[in-house]
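Data block below; observations after.
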Amino acid sequence: MKTDILVDYLKCGDPRECKKCLQICPSALFMMYSPDYESNDPDEWRVDVAFTDLCTRCGDCVDVCPNSAITLK
């Protein structure tokens, strides 16, 4: 069963400071990126999800997110 992992970027904030979802995911599905890697603008940085087929639906990312920016479907 494929899991959709949705990140609400309006709630996420600056992932360079938080990184909690990246650190807790046992399958290492999350990655952080910006079109301009030298940018200091937090609005340009995003957490994205790769390899959603490897998600175990443990919910750790949802539980650890301080801004409730992650949902699983």
Kindly compute the distance separating [atom1] ([X]) from [atom2] ([Y]), expressed to the nearest 0.5 Å.
X	Y	atom1	atom2	value
Cys61	Ile5	SG	CD1	5.5 Å
Phe30	Cys25	CZ	SG	5.5 Å
Ile70	Cys65	CD1	SG	4.5 Å
Cys58	Leu72	SG	CG	8.0 Å

Asn67 side chain vs Cys12 backbone, donor-acceptor pair below 3.5 Å: yes
Set of residues satisfying side chain to side chain donor-acceptor pair (under 3.5 Å) with respect to Ser39, sequence neighbours excluded: Glu44
Residues forming a side chain to side chain donor-acceptor pair (under 3.5 Å) with Arg16, sequence neighbours excluded: Asp14
Partners passing side-chain contact (heavy atoms from CB on, under 4.5 Å) against Pro66 (at least two apart in sequence or in another chain): Cys18, Lys20
Residues in side-chain contact (heavy atoms from CB on, under 4.5 Å) contact with Asp48, at least two apart in sequence or another chain: Tyr9, Met31, Tyr33
Any Thr3 side-chain heavy atom under 4.5 Å of Thr52 side chain: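 No. Closest side-chain heavy atoms not under 4.5 Å.
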Pair listing, salt bridge (Lys or Arg N to Asp or Glu O under 4.0 Å) test, anchored in residues 26-42, at least two apart: none
Smallest separation among heavy atoms of Arg57 and Lys73, with atom names: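 Shortest heavy-atom contact: NH1-O, 3.4 Å.
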Shortest non-hydrogen contact from Thr71 toward Val62: CA-CG2, 4.4 Å
Residues clustered with Leu6, ILVMFWY side-chain links under 4.5 angstrom: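 Direct or chained contacts put Leu6 with none.
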Whichever hydrophobic residues join Ile24 through chains of side-chain contacts under 4.5 Å: Val64
Pairs flagged by ring pair (Phe, Tyr, Trp, His ring centres under 6.0 Å) wherever residues 43-73 is involved - sequence neighbours left out: Tyr37-Trp45
Counterpart residues, salt bridge (Lys or Arg N to Asp or Glu O under 4.0 Å), relative to Asp4 (two or more places apart): Lys2
